[in-house]
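Some notes on the structure that comes next.
When reading the values below, keep in mind they use all heavy atoms of this one structure, side chains included, and skip hydrogens, waters and symmetry mates.
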Amino acid sequence: MSFATSPIWPPADPRDRGGPQQPLLMVRGLQKHFAIRNGVLGRVAAHVRAVDGVSFTVHKGETLGIVGESGCGKSTLARLLMRLIVPDAGEQIFDGDAVGVQGGISVKDLRRQAQMVFQDSSSSLNPRMPVQGSVAFGPMAFGMPKADATALARELLTKVGLNPALFGGRYPHELSGGQKQRVNIARALALKPRMVILDEAVSALDKSVEAQVLNLLQVLKRELSLTYVFISHDLGVVRWISDRVMVMYLGEVVEIGPADALYAAPKHPYTQALLASRPSMDPDRRREEAPVSGDPPNPVNPPPGCRFHTRCPHAERVCSARAPVLGDAAAGAHLAACHIQNPASGHSLAGRPVLPALH
Amino acid sequence: MTMSVPLVEVEDLSVNFVTRESDVRAVNGVNFTMMPGEVMCMLGESGSGKSVTMRALMRLLPPKRSVIRGRIRIAGQDVQAMGDAALRRMRGGTVSMIFQEPMTAFDPVVRVGDQIAEVVAQHRGVSRREGRRRALDLFELVRIPSPERRLDAYPHELSGGLRQRAMIALALSCEPKLLLADEPTTALDATVQIQVLILLRKLQQELGMSVIFVTHDLGVAAEIADRVAIMYAGRVVETGSVRDVLKAPLHPYTSGLLASTVHDQPRDRELETIPGAPPDMRNLPPGCSFAPRCPQAAGDCQLAVPPPVSPSPGRVARCLRVAGAQPLMEFA
Ligand SMILES: Nc1ncnc2c1ncn2[C@@H]1O[C@H](COP(=O)(O)OP(=O)(O)OP(=O)(O)O)[C@@H](O)[C@H]1O
Ligand SMILES: Nc1ncnc2c1ncn2[C@@H]1O[C@H](COP(=O)(O)OP(=O)(O)OP(=O)(O)O)[C@@H](O)[C@H]1O
Ligand code: SF4
Ligand code: SF4
Ligand SMILES: [Mg+2]
Ligand SMILES: [Mg+2]
């Protein structure tokens, strides 16, 4: 699959203000706790610590993959990055400008430069609008004449592999999950974003369409100088598409690093368990036992110290007593928030370069 | 196995969606049979009719807008001919279904234990108290830790993995003979997915239940399936044991699907894909639906839909290029 450079987007981007060295996105201490209200009185009974002090950087033109268990806060983080919800604490800097503060970049401008493709492909399209209209809707809302917006929508549908003559007039319920997700990608691109946050964007696709969409995302990325934040459960896909990978557990970042280094030698026991839990691909070598047992605990009451200690095969006293820290993610560093990685932590395995294998 | 009676027989199933301006042929002649206790994974192109086939088995398609042809027999009963009462007995009795998103199965404002107890009480005609006791057994069966406490939880208070287990418990509450699972582990992380797969496999063996498991993940099929059915454009283009199909696919579409699975490929190279796009389901090509994309296509492929052929016992493919093939008379 290859596309001639589109006439619609010029290669040099006047919006790139900070230059290539300036990270496109910097996040420090981002936090979102959801209040859970009780009964008819609506009193706050507890808080879900969905995103709990998350810091990272995304460089221009890079793809940062995010993996982690269901409910660990990936989608909440994505919605925070788009300011679809307001953080309780922390700062977000987009190409050098603080988001949503005096003298920084406005939320409206941020939403023009960053777009999101949601996890749930069916509920994010207007059920009463033909999909071509959904793709044209954003540009029209920002003032593009209808004829131009329609032409753009048709071009984008073609780009994502849906013939506009066949699919443009269909309503969302007349498309399969995979077809809808391609419409969502087209819709996200219609506003010519610089950054695209893809939240489980290919999870609903079958493998041959997934491979097409992934190739397409790479082509579009080069062609349109895009930066991606790519959220997925599929460890194979994340490895293929990402330059760096960030692993989350219960609202926190537990490991971040270059994709190859992280997959070849994970530094956090949770990452190690994730990689070891991948299906075997061979019916003659089925797994009889899961590498780690249990579910991630409830984010309402995360365990003290290291949040993984309730499931970690290497947990020791220090692990429930003190929370390990990730350290400051300098560009490209491979870091893990685990006492084993800190020689001074007092953990019996501390300072070991390689984690012992899981059974 | 050969002596026992099939639990599921699907013959020439076709489903058309009739809309104002068109007629979408979502399923075009699907054939398969399943023995009791068998696990079949359904793989295939997005939009190839997997979910529609599952819904047809439960007769969950909109009656006014869908035209269903062919025959579906489950546990000896003709699903198309069932009246309302028989249908109710089948859904949640003989057959249960679990979905990708467990939230849709539960009412968000009722405690999960009460919901399961209610279903059990209704289907079994037992008291609520007995239903509740049975719900606790089920939570233990699906290995939910602290099951007593979890019965009192609201759906949103459970983690994704626990919710998925609770949904499996709900689906198993009436001891179905057939479990339909439409991508039930797609939303789970790998550490929990593997636990749920191992659990499903154990339960399936303990309870002797048949399972149809829709997935996009070949690794999941390798972990759980006895047999796989590969769908393309509303037809099953290949079936066989999971071992045979994953190790030596017969149909060119299956080969393409295997080649395009992302699995530690080098990052600087494009992924292999199947060129082109799936056909327009309103306007299928006359011959093999895969012909426009098939590297082995020739003129004869466009003449008629290739009949199912069986080159070796237990394997069937619909492709003219399958060597040593014997036409399957009963399907032709
Ligand atoms: N609006 C809300 N109110 C209360 N709790 C919420 C809300 N939105 C999310 N949560 C909770 O916050 C936590 C993080 O949810 P989030 O959707 O971010 O997880 P996720 O990592 O995207 O999971 P998945 O992989 O299942 O999509 C979960 O425990 C979830 O139940
Ligand atoms: N209610 C409907 N009206 C019209 N067309 C429909 C309807 N439901 C499904 N279709 C069409 O039927 C075909 C089969 O859809 P189905 O949902 O079974 O696909 P699938 O194999 O489950 O795909 P996916 O892997 O993306 O879930 C698709 O082309 C879809 O667009
Ligand atoms: S800090 Fe302790 S419990 Fe946490 S991951 Fe490291 S070894 Fe395991
Ligand atoms: S019948 Fe012909 S077109 Fe169809 S899969 Fe076989 S070789 Fe390809
Ligand atoms: Mg999510
Ligand atoms: Mg489906």
Report task. Sort by residue number and list every member of residues 227-246 of chain B having a non-hydrogen atom under 4.5 Å from chain A. Result ->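 Residues of residues 227-246 of chain B touching chain A at under 4.5 Å: B/V242, B/R243, B/L246.
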Query raised in the report: If every non-hydrogen atom of A/A211 is compared with every non-hydrogen atom of B/S260, which pair is closest and at what distance?
Result: CB-O, 3.6 Å
**Report entry** Atom of A/L166, atom of B/R282 and distance for their closest heavy-atom approach
**Finding:**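 Looking at all heavy atoms of both residues, the shortest contact is O-NH2, 3.0 Å.
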Output the distance between atom [atom1] ([X]) and atom [atom2] ([Y]), rounded to the nearest 0.5 Å.
X      : Y      : atom1 : atom2 : value
A/D282 : B/L218 : CG    : CG    : 12.5 Å
A/L216 : B/T273 : CG    : OG1   : 11.0 Å
B/T261 : A/M281 : OG1   : CE    : 5.5 Å

Report task. Identify whether the distance between the nearest side-chain nitrogen and carboxylate oxygen of A/R170 and B/D280 falls below 4.0 Å. Result -> yes
Query raised in the report: Is it true that B/D217 and A/R278 make a salt bridge, defined as a side-chain N closer than 4.0 Å to a carboxylate O?
Result: no
Report task. Give the C-alpha distance, both sets of side-chain angles, the deciding distance and a yes or no for side-chain contact (heavy atoms from CB on, under 4.5 Å) between A/V219 and B/E270. Result -> CA-CA 10 Å; A/V219 170; B/E270 281 212 336; 4.2 Å; yes
Query raised in the report: Taking everything shown except B/E272 itself, do over 12 heavy atoms lie less than 6.0 Å from its CD?
Result: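 Open.
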Query raised in the report: Would you say B/Q205 has more than 12 foreign heavy atoms packed within less than 6.0 Å of its CD?
Result: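 Counting neighbours around CD of B/Q205, more than 12 heavy atoms of other residues, nucleotides or ligands fall under 6.0 Å, so yes.
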Requested in this report: Look at B/A221, B/A225, B/G49, B/S48 and state which one has the largest set of heavy-atom pairs under 4.5 Å with chain A.
Outcome: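 Counting heavy-atom pairs under 4.5 Å, the top option is B/A225.
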Query raised in the report: Where does B/I224 contact chain A at under 4.5 Å (heavy atoms): side chain, backbone, both or neither?
Result: backbone
Requested in this report: Would you mind checking which part of B/A259 comes under 4.5 Å of any heavy atom in chain A, side chain (CB onward), backbone (N, CA, C, O), both or neither?
Outcome: neither
Counting only non-hydrogen atoms closer than 4.5 Å, does [X] touch chain B with its backbone (N, CA, C, O), its side chain (CB onward), both, or neither?
X      : answer
A/L235 : side chain
A/E288 : both
A/D234 : neither
A/Y171 : side chain

Query raised in the report: Which is it for A/D284 and B/K247 under the side-chain contact (heavy atoms from CB on, under 4.5 Å) test, yes or no, and what are the steps along the way?
Result: CA-CA 11 Å; A/D284 293 321; B/K247 290 189 172 165; 2.8 Å; yes
Contacts under 3.5 angstrom, residues 191-203 of chain B side chains, donor-acceptor by atom type, not counting sequence neighbours:
{"residue": "B/T191", "atom": "OG1", "partner": "A/R311", "partner atom": "NH2", "Å": "3.2"}
{"residue": "B/T191", "atom": "OG1", "partner": "B/D189", "partner atom": "OD1", "Å": "3.0"}
{"residue": "B/T191", "atom": "OG1", "partner": "B/D189", "partner atom": "OD2", "Å": "3.2"}
{"residue": "B/Q193", "atom": "OE1", "partner": "B/T185", "partner atom": "OG1", "Å": "3.2"}
{"residue": "B/Q195", "atom": "OE1", "partner": "A/G294", "partner atom": "N", "Å": "3.4"}
{"residue": "B/Q195", "atom": "OE1", "partner": "B/R165", "partner atom": "NH2", "Å": "3.1"}
{"residue": "B/Q195", "atom": "NE2", "partner": "A/V292", "partner atom": "O", "Å": "3.2"}
{"residue": "B/Q195", "atom": "NE2", "partner": "A/G294", "partner atom": "O", "Å": "2.9"}
{"residue": "B/Q195", "atom": "NE2", "partner": "B/T191", "partner atom": "O", "Å": "3.0"}
{"residue": "B/R201", "atom": "NH1", "partner": "B/E223", "partner atom": "O", "Å": "2.7"}
{"residue": "B/R201", "atom": "NH1", "partner": "B/E223", "partner atom": "OE1", "Å": "3.3"}
{"residue": "B/R201", "atom": "NH2", "partner": "A/R287", "partner atom": "O", "Å": "2.6"}

